[in-house]
Amino acid sequence: MPAPPSDPVLTMTDIRKAFPGVVALDGVSFDLRAGEVHVLLGENGAGKSTLMKIVSGAYRRDSGDIAIDGQNVAIESPRDAQALGIATIYQELSLVPQLTAAENILLGHEPSRAGWIDRRRLRDEAVRSLAEAGLAIDPDRRVDDLGVAEQQMVELAKALFRRARVLVMDEPTSALTAREIDQLFAVIRRVTANGVAVVYISHRMRELAAIGDRVTVLRDGRNVGTFELASVTTDELVRLMANREVREHFPRRRAAPGDELLRLEGVSGASGVDNVDLTVRRGEIVGLAGLLGAGRTELARIITGADRLSAGRVIVSGRDVTPRSPRHAIRAGIGFLPEDRKRHGLVMTRSVCENIGLSSLVRWSRAGIVSAATERRAAERWVTELRIKTPSIAERVVTLSGGTQQKVVLARWLAAEAQLLVMDEPTRGVDVGAKVEIYELMNQLTDAGAGILMISSELPEVLGMSDRLYVMRRGRIEAEFAAGAATEERVLQAALGMAS
């Protein structure tokens, strides 16, 4: 028999939070038990991150109560949350790259002797925290020498060193391989077995049943239900999140492609891309699959001028436009939605209007002065046409949800009249409803004659949305499939070098 549920370690009651023009949380209640993994689901903009930022002290609630072990508490700052045993691991990890793993784990809590940091004790404490989580990471390695998964484990050890009782994990698997996800889940099970309570935010529906105990669904800033994960289906959760049936997750409208738009001939680069031939036609979505490190992003960077090629040609509409820089690629009608939109796709501190206009400033300028009226009209047009959820075009993009931010990046390239769009993980960190919206926008683009090269690590996505599919392995094209001929098994075999 399953153990009876424990009393909540964290209780949030009737939490309300509003920003200018937006009610982010409207009376949300939520509880978390010791030793459980409680999944928090919802579309982008549903209020998940806002709720957890209130728990972590990054935001102050407008009203409502928070209790730890049944006692009301005030969480006015991250320091308050830390003192109460609450730790948050964000998608963008908060480590200092130049410091070692040990130094990051004890950052701000370094043991000292005679006014100097006690290096031996610091290392011993770090080793102890790593061991608690069952992690085999060298405490003396610099964080910038670690992979993403290892950095995430350092964040976990850091939380355990601070004796966290509540651990909030925001999209922890978005950049991990299947093997790394298994490692992470093993660590989560180990810490929950010791009584740590975990809030787990994710849009990857397939992995929830493997790690979660309960699930709470938020929609439009409200709690629409809390369930045992074993008692609810994925389709039911999607309906609750979107308040609609989402029968077709990949609504690709396939039609006969037009003229050839992109041709790569023998493209190679110092980053490991090796003699790649590839084509994209107008009206076509071409998928690019492969394992992590196969060279997909490196190829995208060459096509878009971010990296120089060492051999070969990039041909657009019959002209050799081999890009020497991103500016050259933009002039050739090539747009790029990068894998990490926050670091490489957006200026987070600037407005929606400014971000949409970034790639069109030269066209909208006279004598070096940008026409503010032209920029404003373009931003208003694309905010309306793409249904970008923002209080105004003056809103800073840092305040927007992940799906909305992705639409802003897409709006930039539509404003720039790009004909070829290279999309690297276009729906990473985006909820089910927003994914379908992005897929429909991709349909509209190809209906209008654009071509799309889509890189995706999610096989159902790349199979569901591609008209043709290339598989990369070790920097080379390993296989090519028509949409009807590709299966998950065949694509994986090619990615692993097992194709017959």
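Here the structure is a predicted model, which means the values were calculated and not measured. Along the sequence shown, the residues carry numbers beginning at 1. Side chains included, hydrogens not; waters and symmetry mates left out as well; all remaining heavy atoms used.
Within 6.0 Å of the CZ atom in Arg189, the count of heavy atoms belonging to other residues, nucleotides or ligands exceeds 12.
In this structure, the separation between CG on Asp424 and CD1 on Ile455 is 4.0 Å, given to the nearest 0.5 Å. Here the straight-line distance linking atom CZ of Phe185 with atom OG1 of Thr173 works out to 6.0 Å at 0.5 Å rounding. Rounding to the nearest 0.5 Å gives a distance of 7.5 Å between CG of Leu208 and CG of Leu237. Between atom CG of residue Leu229 and atom OG1 of residue Thr226 there is a gap of 10.5 Å, rounded to the nearest 0.5 Å. Within the model, atoms CG of Leu358 and CZ of Arg412 stand 4.5 Å from one another, a figure rounded to the nearest 0.5 Å.
Counting all heavy atoms, side chain and backbone alike, Gly35 lies closest to Asp213 at O-OD2, 4.3 Å. Listed here is the closest heavy atom pair of Gly287 and Val462: CA-CG2, 3.8 Å. What you find for Gly295 and Val273 is that their closest heavy atoms are O-CG2, 3.9 Å.
A donor-acceptor pair under 3.5 Å is absent between the side-chain atoms of Thr390 and the main chain of Ile393, judged by distance alone. Gln405 places no side-chain N or O within 3.5 Å of a backbone atom of Gly403 that could act as its donor or acceptor partner. Using a distance-only test at 3.5 Å, with no hydrogens or angles considered, no donor-acceptor pair links the side chain of Asp65 to the main chain of Met12. In this structure, the side chain of Glu478 does not engage the main chain of Arg473 through any donor-acceptor pair within 3.5 Å.
Side chains of Leu156 and Val187 form a contact here, defined as non-hydrogen atoms less than 4.5 Å apart. The side-chain heavy atoms of Asp118 and Arg120, taken from C-beta on, include a pair separated by under 4.5 Å. Taking 4.5 Å as the limit, some side-chain heavy atom of Ile211 sits within range of a side-chain heavy atom of Ile188. In this structure, Val9 and Arg165 have side chains that are in contact, with non-hydrogen atoms separated by less than 4.5 Å. Residues Arg61 and Ile66 meet the side-chain proximity criterion, which asks for heavy atoms closer than 4.5 Å. With contacts defined as side-chain heavy-atom distances shorter than 4.5 Å, the pair Glu437/Lys407 qualifies. Val276 has its side chain within reach of Met472: a pair of non-hydrogen atoms, C-beta onward, lies under 4.5 Å apart. Counting heavy atoms from C-beta outward, Asp14 and Val28 have side chains that stay 4.5 Å or more apart.
Using a 4.0 Å cut-off between a side-chain N of Lys or Arg and a carboxylate O of Asp or Glu, Asp80 and Arg60 do not qualify as a salt bridge. Using a 4.0 Å cut-off between charged side-chain N and carboxylate O, Asp26 and Arg16 make a salt bridge. By the 4.0 Å N-to-carboxylate-O rule, Arg214 lies close enough to Asp31 to be salt-bridged with it. Ion pair Asp144/Arg142 flagged as a salt bridge, since at least one NZ, NE, NH1 or NH2 atom sits closer than 4.0 Å to an Asp/Glu carboxylate oxygen. Glu150 and Arg141 are joined by a salt bridge, as a carboxylate oxygen and a charged side-chain nitrogen come within less than 4.0 angstrom of each other. Electrostatic pairing of Lys435 and Glu461 does not count as a salt bridge here, judged by no charged N lying under 4.0 Å from a carboxylate O. Salt-bridge formation is not detected for the pair Glu298/Arg301: no Lys NZ or Arg NE/NH1/NH2 atom is positioned less than 4.0 Å from an Asp or Glu carboxylate oxygen.
In summary, the side chains of Arg296 and Ser457 do present a donor paired with an acceptor at a separation below 3.5 Å, with no hydrogens or angles considered. Between the side chains of Ser231 and Glu228, no donor-acceptor pair of N or O atoms lies under 3.5 Å. With hydrogens and angles left out, the side-chain atoms of Glu395 and Thr399 include a donor and acceptor closer than 3.5 Å. Side-chain contact check for Glu207 and Ser202: at least one donor-acceptor pair (N or O, by modelled atom type) lies under 3.5 Å. Remark: the Ser29 side chain and the Asn223 side chain contain no N/O donor-acceptor pair separated by less than 3.5 Å. Side-chain atoms of Glu36 and Thr192 form no donor-acceptor pair, as typed in the model, at a separation below 3.5 Å. Side-chain atoms of Ser351 and Glu354 form a donor-acceptor pair, as typed in the model, at a separation below 3.5 Å.
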Do Ile86 and Ile68 pass the side chain to side chain contact (heavy atoms under 4.5 Å, CB included) test, and can you show the C-alpha distance, the side-chain angles, and the key distance before you say yes or no?
-> CA-CA 10 Å; Ile86 300 167; Ile68 299 289; 4.2 Å; yes
With salt bridge (charged side-chain N to carboxylate O under 4.0 Å, His left out) as the test, would you mind laying out the steps for Glu103 and Arg123 before giving the verdict?
-> CA-CA 8 Å; Glu103 288 166 336; Arg123 189 181 189 282; over 6 Å; no
Going through the distances and angles, do Asn104 and Glu155 end up as a side chain to side chain contact (heavy atoms under 4.5 Å, CB included)?
-> CA-CA 8 Å; Asn104 270 279; Glu155 284 273 29; over 6 Å; no
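Among the candidates Leu51, Val168, Val217, the single residue satisfying the side chain to side chain contact (heavy atoms under 4.5 Å, CB included) test with Leu40 is Leu51.
In this structure, Phe30 and His38 have tilted ring planes: the angle between them lies in the 30° to 60° band.
Qualifying side-chain contact (heavy atoms from CB on, under 4.5 Å) partners for Ala34, counting only residues two or more places apart in sequence or in other chains: Ser6.
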